[in-house]
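What you are looking at is a predicted structure, and each value in this text was computed from that prediction instead of being measured. Numbers here simply count residues along the sequence, with the first being 1. Just the heavy atoms: all of them, side chains too, but no hydrogens, waters or symmetry mates, feed the values below.
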Amino acid sequence: MSIFKRLRDLTLSNVYSLIEKAEDPVKLTDQYIRDMQEDLEDAEKAVAAQIAIEKKFKQLYEEQEALVKKREEQAHTAVQMQNIELARRALEEKKAAEAKMNEYKTSFDQNKASADNLRSKLEEMRRQLTELKNKRETLVARYQAAKAQAEINKSMAGFSSDTAVSGMKRMEEKMLQMEAQAEASNEMSSKGKSLDDEFAALGKDKAVEDELAALMKKYENKDQ
């Protein structure tokens with residue numbers, strides 16, 4: 001496939017269409033940039049070769065054009081010098097040079113038109129490559145933002161089904177239940193004491209109080 005046919009078939013519009021459908025658009029864009037860069041380098045060589053042909057025919061044309069002018073001047077000089085035969089030869093060579101000049105002029109015009117056409121396409125390739133490179137920067141930023149958003153959405157989706165807030169609420173409810181159970185257990189334990197136990201506790205406390213009072217009285221007497 002020729003370089004310029006490929007360029008015609010692979011316009012930026014369908015490149016962008018393919019990129020948008022790609023699973024990884026950045027990688028695909030990089031591949032297109034590399035392909036276009038290679039095509040551009042080949043196209044530059046092809047255009048340079050065509051320009052060389054154009055310049056060659058231009059040189060040949062200008063050489064024959066100068067020869068035509070020279071032989072015409074020589075013919076005039078020969079006539080002025082009354083040398084008719086020399087004038088005739090000059091005019092014959094002038095005629096031959098004119099034929100070559102016209103031939104080279106035609107070839108020059110054709111090759112110049114081809115070179116101009118290739119120059120135009122080469123500029124279009126450069127423009128499209130630059131546009132694609134600029135597009136890549138925007139594409140990378142959009143792709144990374146989309147990936148980040150997707151990661152956030154994924155995290156939020158998992159978070160919403162069992163959030164820390166709902167977990168904390170369940171823990172609070174459990175703590176309230178445990179405290180209520182502890183309070184009820186304490187109340188039941190108090191109600192379980194017998195009458196003798198309560199009197200025994202009173203007696204135990206009275207013994208302590210009596211001993212304390214005796215100690216205090218003993219030291220009061222010493223101080224006096």
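For the side chain to side chain contact (heavy atoms under 4.5 Å, CB included) criterion with Lys133, the lone passing option out of Gln37, Met36, Gln128 is Gln37.
Gln74 is not listed as a side-chain neighbour of Leu86, based on a closest heavy-atom distance of 4.5 Å or more. Counting heavy atoms from C-beta outward, Glu179 and Glu183 have side chains that stay 4.5 Å or more apart. Using a 4.5 Å heavy-atom cutoff, the side chains of Leu122 and Leu40 are in contact. Under the 4.5 Å side-chain criterion, counting only non-hydrogen atoms from C-beta, His76 is not in contact with Val79. Two residues are said to be in side-chain contact when any heavy atoms from C-beta on lie closer than 4.5 Å; Leu91 and Lys95 fail this criterion.
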**Request:** In sequence, state the C-alpha distance, the side-chain angles, and the governing distance for Arg88 and Glu92, and then conclude on side chain to side chain contact (heavy atoms under 4.5 Å, CB included).
**Result:** CA-CA 6 Å; Arg88 181 178 291 108; Glu92 288 174 351; 3.8 Å; yes
**Prompt:** Checking salt bridge (Lys or Arg N to Asp or Glu O under 4.0 Å) for the pair Lys112/Asp109: CA distance, chi angles, key distance, verdict?
**Reply:** CA-CA 5 Å; Lys112 185 176 186 305; Asp109 290 342; over 6 Å; no
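Minimum interatomic distance between Ser114 and Gln50 (heavy atoms only, all atoms of both residues): CB-NE2, 3.7 Å. Nearest approach of Val26 to Leu139, heavy atoms of both residues: N-CD2, 4.5 Å. Pairing each heavy atom of Ala43 with each of Met125, the nearest pair is CB-SD, 3.6 Å. Residues Ala75 and Ala87 share a closest heavy-atom pair of O-CB, 3.7 Å. Here the closest heavy-atom approach between residue Glu65 and residue Met101 is recorded as CA-SD, 3.5 Å.
Taking CZ of Arg71 as the start and CD of Glu73 as the end, the distance is 11.0 Å to the nearest 0.5 Å. Atoms CD and CG, from Glu124 and Leu129 in turn, are 11.5 Å apart once rounded to the nearest 0.5 Å. Of the inter-residue distances, the one linking Ile33 atom CD1 with Leu132 atom CG reads 4.5 Å to the nearest 0.5 angstrom. From Lys70, atom NZ reaches atom CD of Glu93 across 9.5 Å, with rounding to the nearest 0.5 Å. Taken from CE in Met171 to CG in Leu176, the straight-line distance is 11.0 Å, to the nearest 0.5 Å. Atom CD of residue Glu172 and atom NZ of residue Lys169 lie 9.0 Å apart, to the nearest 0.5 angstrom.
Salt bridge Glu41/Lys45: absent, no basic N to carboxylate O contact under 4.0 Å. With salt bridges taken as basic N to acidic carboxylate O contacts below 4.0 Å, one links Arg119 and Asp116. The pair Glu131-Arg127 meets the salt-bridge criterion, since a charged nitrogen lies less than 4.0 angstrom from a carboxylate oxygen.
By the criterion of side-chain heavy atoms lying less than 4.5 angstrom apart, applied directly or through intervening Ile, Leu, Val, Met, Phe, Trp or Tyr residues, Phe108 is not grouped with Leu67; the two fall into different hydrophobic clusters.
With hydrogens and angles disregarded, a donor-acceptor distance shorter than 3.5 Å links the side chain of Thr130 to the backbone of Arg126. Looking at Asn117, its side chain never comes within 3.5 Å of a backbone N or O of Ala113 through a donor-acceptor pair. Within the 3.5 Å criterion, the main-chain N or O of Glu98 finds no donor-acceptor partner in the side chain of Gln64.
Tyr104 and Phe57 have tilted rings, their planes meeting at an angle from 30° to 60° on a 0 to 90° scale.
For the residue pair Arg34 and Gln31, a side-chain donor N or O sits within less than 3.5 Å of a side-chain acceptor on the partner. One side chain, Gln59 or Glu63, offers a donor N or O that lies under 3.5 Å from an acceptor on the other.
The 12-atom threshold is exceeded at CD of Gln181, counting heavy atoms of other residues, nucleotides or ligands nearer than 6.0 Å. Atom CZ of Arg89 has 12 or fewer neighbouring heavy atoms from other residues, nucleotides or ligands inside a 6.0 Å radius.
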